[in-house]
> 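I have a structure I would like to understand better, so I am pasting it below and will then ask my questions one at a time.
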Amino acid sequence: GRYEKQQRAHEVVETIRGLGVPVRAVERHPFGGDVWVIVAGPFPPKRADDVANWLKTQGYSGARAIPMPRGGKQRGTEPQ
């Protein structure tokens with residue numbers, strides 16, 4: 001997910017971490033603003049898809065696997 005408030009992003013991180021998923025909030029600056037993106041992982045490709053689907057069942061309907069940069073062997077999952 002993407003959050004404008006750091007506190008809300010960290011609340012979501014703690015909730016997902018409580019589900020047993022490695023997760024963190026990453027600060028980004030699109031279009032001159034600040035947002036925090038929640039990223040879980042890294043996971044091997046098949047596992048990333050499984051985790052994204054599982055997060056959807058936990059209420060994170062926008063969860064999706066995101067590819068690692070070229071040459072990377074693992075992918076993360078972005079719960080939304």
Side-chain angles (χ1 to χ4, degrees):
R2 292 174 184 87
Y3 298 88
E4 292 181 6
K5 297 188 183 229
Q6 183 179 19
Q7 179 61 35
R8 179 64 183 134
H10 286 287
E11 290 169 3
V12 172
V13 164
E14 291 304 315
T15 300
I16 295 171
R17 192 173 284 147
L19 297 171
V21 177
V23 62
R24 65 193 173 282
V26 179
E27 186 176 10
R28 296 287 185 230
H29 310 284
F31 310 110
D34 294 334
V35 296
W36 283 263
V37 178
I38 308 302
V39 180
F43 303 105
K46 174 62 176 144
R47 181 81 176 126
D49 292 333
D50 291 344
V51 171
N53 289 330
W54 182 78
L55 284 167
K56 288 178 184 179
T57 70
Q58 302 304 305
Y60 298 96
S61 61
R64 63 185 179 91
I66 54 175
M68 291 288 284
R70 188 176 178 149
K73 295 181 180 177
Q74 297 182 327
R75 299 189 308 176
T77 300
E78 181 182 5
Q80 296 183 346

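Since we're looking at a predicted model, the values are computed, not measured.
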> Go through the structure and list residues passing salt bridge (Lys or Arg N to Asp or Glu O under 4.0 Å) with Arg8, not counting sequence neighbours.
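Here the qualifying residues are Glu11.
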> Got a sec, which residues hit salt bridge (Lys or Arg N to Asp or Glu O under 4.0 Å) with Glu14, two or more places apart in sequence or on another chain?
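Counting only residues at least two positions away or on another chain, Glu14 forms a salt bridge (Lys or Arg N to Asp or Glu O under 4.0 Å) with Arg17.
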> Nearest 0.5 angstrom please: Leu19 CG to Trp54 CH2, how far?
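Taking CG in Leu19 and CH2 in Trp54, the distance rounds to 4.0 Å.
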> Where is the tightest heavy-atom contact between Ala52 and Ala65, given as atom of each residue plus distance?
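Distance-wise, the nearest heavy atoms are CB-N, 3.9 Å.
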> Would you say Phe43 and Asp50 make side-chain contact, with heavy atoms under 4.5 Å?
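No; the side chains remain at least 4.5 Å from each other.
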> Can you name the nearest heavy-atom pair linking Val35 to Pro30, along with the distance?
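Reported closest heavy-atom pair: CG2-CD, 3.7 Å.
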> With sequence neighbours excluded, give me every side chain to side chain donor-acceptor pair (under 3.5 Å) pair touching residues 28-43.
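Listed by first then second residue: His29-Asp34.
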> Tell me which one of Val51, Thr15, Val13, Leu55 satisfies side-chain contact (heavy atoms from CB on, under 4.5 Å) with Val23.
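Only one of Val51, Thr15, Val13, Leu55 forms a side-chain contact (heavy atoms from CB on, under 4.5 Å) with Val23, namely Val13.
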> In the structure I gave you, are the side-chain heavy atoms of Ile16 and Val12 within less than 4.5 Å of one another anywhere?
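Answer yes - side chains close enough.
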